[in-house]
Enquirer: 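Structure below; questions to follow.
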Amino acid sequence: MGAETDSNMLMKKKLAKILKDTLDLCFRKGFLKQMPIPEFVVEVPNNPDHGHFATNVPMTLAGEQKSSPRNIAEIIIRHLVDHDHFILKAGIGGTGFINFFIAPGQWYDLLSHIINLRDDYGRSSIGRGEKIMVEFVSANPTGPLHLGHGRGAALGDTLCRVLDFSGYDVKREFYINDAGHQIKMLGESIYSRWKQFPDPSYPFPLDGYQGDYIQELAVEIAKETQLESLAPHEAIDLLSELGKDKILKEIKEDLANFGVTFDLWYKESDLYSSGKIDRAIKLIEKRGMLFEKDGASWIRTSLFGDDKDRVVRKKDGEFTYFASDISYHLDKWKRGFKRVINIWGADHHGYITRVKAALEAEGIQQDWLEVLLIQLVKLWERGAEVRMSKRSGRYVTLKELVDQVGVDAVRFVFLSKDHTSPLDFHIDLVKRKDSENPVYYVQYAHARVCSVFKKAARENIHLPEEPDSILLRLVLDEEIDLIRKMAEFPSLIEEIAGDLGPHRLTYYLTELAGSFHRYYNRHRIVSDDRTLSQARLFLSLGIKILIKNGLSLLGVSAPEVM
RNA sequence: GCGCCUGUAGCUCAGCUGGAUAGAGCAGCGGACUUCUAAUCCGCAGGUCGCAGGUUCGAAUCCUGCCAGGCGUACCA
């Protein structure tokens, strides 16, 4: 697979190679002064007059060469090392860019290649089977998933899909905080609601969970069990356990319904029962990073960038949440992951330095862990912000949103913004199943291609296995431009696997769909000219393949009919 | 106080890690269906890239300092 992708994906890389070879030649023959080759870029210019690709090489050389960029550009163009006639023509632009037009045959080869690879176009092996873990959502099992969780779920899931597509050995994990205070509080909240059915004056815990779902759980569990026969503390324990299980089950269902699954649901409570926390603390101690103060045990995170040292075991003998977190990450490390990505809500950012410092205290490099912070999701309805607060239990759940708007639209909108910026979700806009909704724009292009193929079948036009010379009929600039856009896909995926910013994929697909819509409106695909029809059908097939591949990485469906 | 994130068109956001005349969608105005699906397309209008300096051939992008908003700074989880 690697070799196949290499053979083409890298139009840009091919050009970069040609440029390097050319510079070497110029150095050897003395056309240019010998020097190390500086960093340069090969990019797609936004102005089509500037060619299929452009490079800034001359400008990066200018200083050292003591010559003008345009001069250097001229020398490079004159001596281009292009044995395969990859380049149709090259010219000088602006203050010293070199603009390249690629020979049409290269584009036809590329399109053939895409059609051969189908669902595998864009797949690569750059991850080299490296073990990588993405931990995401990890919502507390004390209440339903809200919109922020949804955003994290969409991001994490899509990253996993992209990383998997890029040849990593990806594991997806959900960490369940099922130990400690909050679960007890869940039980107490349910208990109190249950007691309130006959006696409304029964007190509710100060920091209890307020949502309506607590009452519902109380009703449900009361039906299934004999709460009356238990002592209060037994009842509360039971309610904690059953409440947690039920909520977790719902979380799993909501996520599955959202297209998100996990390889492992890792329980915090297992860290306790297996003795892993104890061992983690012992390791800290063995490394001399533990000390006692005021009756508590502390870890020296301040040695590694943290503002202060942190408590891992409280005065009362209980471990802190931080202790289990350290233990959990140590466990990830021991399981052999080379790269670990955590997706957290932005309100946890204060936690990052602390965890990384703790890991370093145990001898693990800080950059082993990458933390992506998801900024807030604000919901707007009828022009006003829908205020949400977990405390009051008034918030819109992921399930409610998905039920109203649909999985595809929710995922697409969540994924179309960089996770570092806050996101305003306008529900009225996304609810509309019309052109205002960006996801339909992309999906429609896919459905449109399918429709064109039906039309072709009615006209009895079919495609041969291999396009061969048929593609020579694709002579319009727009047609070459469509193929060029398709060529960008593999390198885009590669970049996303590196910078973990999948929102660029949504923009790419919107652009690709737009180019196709424009093309469709200006030119007939199925016409009396049989060969030309076939050529354009091949082109359309390429578009279909790309949109389907791209959407599937986003976890969005590609309908054949709309 | 300190730390993190954000500030780009009326609104929501991109801007490919420093490149050519800063882009898209929505909202506004005006056009295109006897045609392969009009969930589409074409045109017009819309900008002090928060502000001020600096770095260099070149800055929305990098560095510094301000301003504004959000979040965080526990022996809570």
Side-chain angles (χ1 to χ4, degrees), chain A residues 39 41 43-47 49-50 54-56 59-60 62-63 68-69 93-97 99 140 142 177 179-183 185 207 268 293-298 307-308 310-316 318 320-322 324-325 345-353 373 375-376 378 380 413 416-426 429 432-441 443-445 447-456 458-459 488 491-492 495 499 501 503-504 506-508 510-511 513-514 516-522 524-527 533 536-537 540 561-562:
Chain A
E39 288 278 313
V41 293
E43 60 183 2
V44 178
N46 26 32
N47 184 341
D49 295 340
H50 296 152
T55 183
N56 63 347
M59 285 176 277
T60 63
S68 81
T95 49
F97 290 94
N99 300 322
N140 291 341
T142 54
N177 293 123
H181 177 73
Q182 55 188 346
I183 296 299
M185 185 55 72
D207 294 316
E268 183 187 6
K293 194 180 95 183
D294 304 334
S297 307
W298 301 66
D307 295 336
K308 49 177 285 200
R310 305 287 171 174
V311 171
V312 290
R313 193 199 292 268
K314 294 183 270 183
K315 205 160 27 181
D316 63 10
E318 297 276 315
T320 58
Y321 174 82
F322 187 45
S324 50
D325 230 17
D347 51 339
H348 287 77
H349 74 78
Y351 217 66
I352 298 176
T353 33
L373 293 176
Q375 292 294 325
L376 214 71
K378 265 196 229 167
W380 294 72
V413 172
S416 62
K417 271 90 196 179
D418 181 5
H419 64 265
T420 57
S421 12
L423 186 152
D424 286 355
F425 198 106
H426 290 255
L429 213 139
R432 292 168 63 169
K433 301 210 181 236
D434 61 18
S435 56
E436 289 181 27
N437 195 325
V439 69
Y440 298 112
Y441 187 80
Q443 289 180 318
Y444 185 55
R448 208 167 215 184
V449 173
C450 294
S451 171
V452 171
F453 270 88
K454 276 178 215 144
K455 164 75 175 176
R458 284 198 297 276
E459 306 282 323
E488 289 175 40
S491 45
L492 178 66
E495 283 167 30
D499 68 19
H503 65 284
R504 283 168 52 201
T506 66
Y507 286 90
Y508 170 79
T510 306
E511 249 175 61
F516 178 72
H517 285 314
R518 267 188 296 284
Y519 176 69
Y520 175 94
N521 270 278
R522 285 178 67 151
R524 267 200 86 75
I525 293 167
V526 178
S527 67
S533 300
R536 290 181 170 176
L537 283 168
S540 307
V561 182
M562 286 175 75

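Worth saying up front: this structure is predicted, and the values here are computed from it rather than measured.
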Enquirer: Ignoring hydrogens and angles, does a donor from either the side chain of N99(A) or the base of rA20(B) sit under 3.5 Å from an acceptor on the other?
Expert: yes
Enquirer: Is there, by distance only and without an angle test, a donor paired with an acceptor across the side chain of H349(A) and the base of rC71(B) below 3.5 Å?
Expert: yes
Enquirer: For this output row, return yes or no: ring centroids of H517(A) and Y441(A) closer than 6.0 angstrom.
Expert: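 Yes, they do, as the ring centres are separated by less than 6.0 Å.
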Enquirer: Does F516(A) have R448(A) sitting over its ring (NZ/CZ under 6.0 Å from centre, angle to axis within 45°)?
Expert: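 Not flagged: R448(A) not positioned over aromatic ring of F516(A).
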Enquirer: Among residues at least two apart in sequence or on other chains, which ones pass salt bridge (charged side-chain N to carboxylate O under 4.0 Å, His left out) with K454(A)?
Expert: none
Enquirer: Rounding to an integer number of angstrom, what distance separates rU48(B) and rA22(B) when you compare their P atoms?
Expert: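 Result for the P pair: 13 Å, nearest Å.
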Enquirer: On RNA chain B, compare the nucleotides closest to T510(A) and G295(A); which residue's is nearer the 5' end?
Expert: T510(A)
Enquirer: Using only side-chain N and O atoms of Y441(A), determine if any of them is under 4.0 Å from OP1 or OP2 of rA24(B).
Expert: no
Enquirer: Please convert RNA chain B into dot-bracket. A pair counts if it is Watson-Crick or G-U wobble with both distances under 3.5 Å; crossing pairs go in [ ] and bases paired with another strand get |.
Expert: (((((((..((((.....[...)))).(((((.......))))).....(((((..]....))))))))))))....
Enquirer: Assign a letter to each nucleotide of nucleotides 10-19 of chain B from its 5' end: B, base within under 4.0 Å of a protein heavy atom; S, sugar-phosphate only; -, no contact.
Expert: --SSSSBB-B
Enquirer: For H50(A) and rA20(B), are the ring centres under 5.5 Å apart with planes inclined under 30°?
Expert: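 Here the ring of H50(A) and the base of rA20(B) are stacked, with centres under 5.5 Å and planes under 30°.
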Enquirer: L373(A) and side-chain contact (heavy atoms from CB on, under 4.5 Å): which partner among D347(A), T420(A), I352(A)?
Expert: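 Exactly one pass, corresponding to I352(A).
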Enquirer: Are OP1 or OP2 of rC41(B) and a side-chain N or O of R522(A) less than 4.0 angstrom apart?
Expert: no
Enquirer: Measure from NE2 on H517(A) to P on rC36(B) and round the result to the nearest Å.
Expert: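 Atom NE2 in H517(A) sits about 17 Å away from atom P in rC36(B).
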Enquirer: Under 4.0 Å between a side-chain N or O of K455(A) and OP1 or OP2 of rC36(B)?
Expert: yes
